[in-house]
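Below you'll find the structure, written out as structure tokens, and then a few comments.
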Amino acid sequence: MTETGERASPDHLVVGHISKAHGNRGELFVWPLTDSPAVIFAPGRELLLGDEAGARAADGATVEVESARAFKRGVLVKFAGVEDRDAAGLLARHYLLLHRAEVPPLDDDEVFYHELLGMTVEDVAGGRVGRVREVFETEPHHLLEVEGEDGRMRLIPFAARIVREVDRVSRRVVIDPPAGLLDL
């Protein structure tokens, strides 16, 4: 947290989770945690290895993408120097991180989910609803967990029909909730 109570922007962003070894030639199944897997997992890209909690590995280990291809709902990635299933297995259950400066820029209507944490949530009339505590990636829409002034937690769909504005500068989310949503 900064002196003003805002969350400091991280130096590195989590871009994938290594699930498990795939096959016998060192490939790994990676769950992409990015909207741009073809860019992030491009051959030659160096990624930081994160620990099982998503923090940068204490030894600062990196891996270099040798090849990547779409597979089911993820990506099969081959890293340089990882030649067999045993070597690949050592990387399983770790996160992959990318330095913030290397992350493709966002469009004007996009936001990193970590930026939403701590933002004030207001309704379109200016009434305060609470603060974003968590973002849950669910289908069909992600959910904002918002803690109200009364301590109650509310789940608000992060959907265009409800979220009218995300102001990254003033750190506020403006919603137009359907009748009864805030009463749940």
Rounding to 0.5 Å, atoms NE2 (His22) and CZ (Arg85) come to a distance of 8.5 Å
Separation between CG of Leu144 and CD of Glu134, rounded to the nearest 0.5 Å: 10.0 Å
So how far is it from Thr138 OG1 to Leu143 CG, rounded to the nearest 0.5 Å? 3.5 Å
Would one find more than 12 heavy atoms of other residues, nucleotides or ligands at under 6.0 Å from atom CG of Asp35? no
Are Val15 and Leu33 close enough that some pair of their side-chain heavy atoms sits under 4.5 Å apart? no
In this structure, CG of Leu98 is separated from NE2 of His12 (nearest 0.5 Å) by 8.0 Å
Using salt bridge (charged side-chain N to carboxylate O under 4.0 Å, His left out) as the criterion, point out the one residue from Arg128, Arg171, Arg172, Arg164 that pairs with Glu122. Arg172
Partner of Leu96 by side chain to side chain contact (heavy atoms under 4.5 Å, CB included), out of Val14, Val63, Leu91, Ile40: Val63
Under 4.5 Å between side-chain heavy atoms, hopping through other hydrophobics if needed: is there a path connecting Val103 to Val77? yes
With a 4.5 Å cut-off on side-chain heavy atoms, are Phe158 and Val166 touching? yes
Is any side-chain heavy atom of Leu49 closer than 4.5 Å to a side-chain heavy atom of Phe79? no
Look up atom CD in Glu27 and atom CZ in Arg69, then write down how far apart they are to the nearest 0.5 Å. 4.0 Å
Do Tyr95 and His17 come within less than 4.5 Å of each other through their side chains, counting heavy atoms only? yes
Donor-acceptor check, side chain of Arg154 to backbone of Leu182, threshold 3.5 angstrom: yes or no? yes
Report the distance from atom CG of Leu97 to atom CD of Glu102, rounding to the nearest 0.5 Å. 11.5 Å
Would you indicate whether the side-chain heavy atoms of Leu181 and Pro157 approach each other to under 4.5 Å? yes
Report the relative orientation of the aromatic rings in Phe29 and Trp31; use parallel for angles under 30°, tilted for 30 to 60°, perpendicular for over 60°. perpendicular
Looking only at atom types and distance, does a side-chain atom of Arg131 sit under 3.5 Å from a main-chain N or O of Glu147, one as donor and one as acceptor? no
Would Glu115 and Leu106 satisfy side chain to side chain contact (heavy atoms under 4.5 Å, CB included), going step by step from the backbone distance to the final call? CA-CA 12 Å; Glu115 292 176 312; Leu106 295 177; 4.2 Å; yes
